[in-house]
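Quick notes on the structure that follows.
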Amino acid sequence: EDLKILLGVDKKVQETIQNLPEQKSKIVNLNKSWDETIEKKCHLIIFESINTDAEIARENDCLANEYLSEMDFFERMNK
């Protein structure tokens, strides 16, 4: 499921670039920094779960929710 979400984000980013080609560099930079922020945010959120059975589940849940939020943002840009 995580792979589907990441592919969905990539698809929305590409659609946004197609719809706003003059903003391509801003869109690409935003996507890159957003992805970096998601990774950092989720690592911080799960710090209490590190080395426990819940670690992977909590991290996957966080990543999925954050990437869905990113996908939502780019979807709204395409309307």
Side-chain angles (χ1 to χ4, degrees):
E1 184 170 315
D2 291 342
L3 181 58
K4 286 182 187 178
I5 293 170
L6 287 174
L7 292 173
V9 171
D10 282 347
K11 181 180 176 186
K12 293 302 173 192
V13 169
Q14 293 306 314
E15 285 177 18
T16 305
I17 290 169
Q18 286 179 348
N19 291 334
L20 302 166
E22 68 282 357
Q23 300 296 323
K24 180 180 179 176
S25 66
K26 290 179 183 178
I27 295 165
V28 169
N29 287 336
L30 175 60
N31 177 242
K32 181 179 177 186
S33 72
W34 203 326
D35 290 348
E36 290 170 1
T37 300
I38 288 171
E39 291 290 328
K40 290 175 185 177
K41 182 178 180 179
C42 288
H43 284 288
L44 183 59
I45 286 173
I46 67 153
F47 83 95
E48 291 179 336
S49 300
I50 292 177
N51 297 322
T52 69
D53 292 341
E55 177 183 2
I56 293 171
R58 289 187 75 190
E59 183 172 29
N60 286 343
D61 187 49
C62 178
L63 291 170
N65 288 330
E66 293 298 323
Y67 283 119
L68 285 171
S69 178
E70 182 182 5
M71 191 166 56
D72 247 16
F73 173 83
F74 285 111
E75 176 66 29
R76 288 192 308 274
M77 292 292 297
N78 289 314
K79 291 184 178 182

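- At a threshold of 4.5 Å between side-chain heavy atoms, the hydrophobic network of Ile, Leu, Val, Met, Phe, Trp and Tyr places Ile45 and Leu68 in two separate groups.
- Interatomic distance, CG of Asn31 versus NZ of Lys12, reported as 14.0 Å (0.5 Å rounding).
- With rounding to the nearest 0.5 angstrom, the CD atom of Glu59 is 4.0 Å from the CD1 atom of Ile46.
- The closest side-chain heavy-atom distance from Leu6 to Leu63 is not below 4.5 Å.
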### Message
One pair to check against side chain to side chain contact (heavy atoms under 4.5 Å, CB included): Glu70 and Asp35. What are the steps and the verdict?
### Response
CA-CA 9 Å; Glu70 182 182 5; Asp35 290 348; 2.9 Å; yes
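- With sequence neighbours excluded, no residue forms a salt bridge (charged side-chain N to carboxylate O under 4.0 Å, His left out) with Glu55.
- Note that SG of Cys62 is 9.5 Å distant from OH of Tyr67, once rounded to the nearest 0.5 Å.
- Placement of Leu20 and Met71 within a single hydrophobic cluster is found when ILVMFWY residues are connected by side-chain heavy-atom separations under 4.5 Å, directly or transitively.
- The two residues Ile27 and Ile17 come nearest to each other via the heavy atoms CG2-CG1, 3.8 Å.
- Here the closest non-hydrogen pair linking Leu30 and Phe74 is CD2-CZ, 4.0 Å.
- Counting non-hydrogen atoms of other residues, nucleotides and ligands closer than 6.0 Å to CD1 of Ile56 gives a total of 12 or fewer.
- With rounding to the nearest 0.5 Å, the separation of OG1 in Thr16 from CZ in Phe73 is 8.0 Å.
- In the displayed structure, Asn29 atom CG is contacted under 6.0 Å by more than 12 heavy atoms of other residues, nucleotides or ligands.
- Evaluation of the salt bridge (charged side-chain N to carboxylate O under 4.0 Å, His left out) test over residues 37-50, restricted to residues two or more places apart or in two chains, returns Lys41-Glu66.
- Not a single donor-acceptor pair under 3.5 Å links the side chain of Ser69 to the backbone N or O of Asn65.
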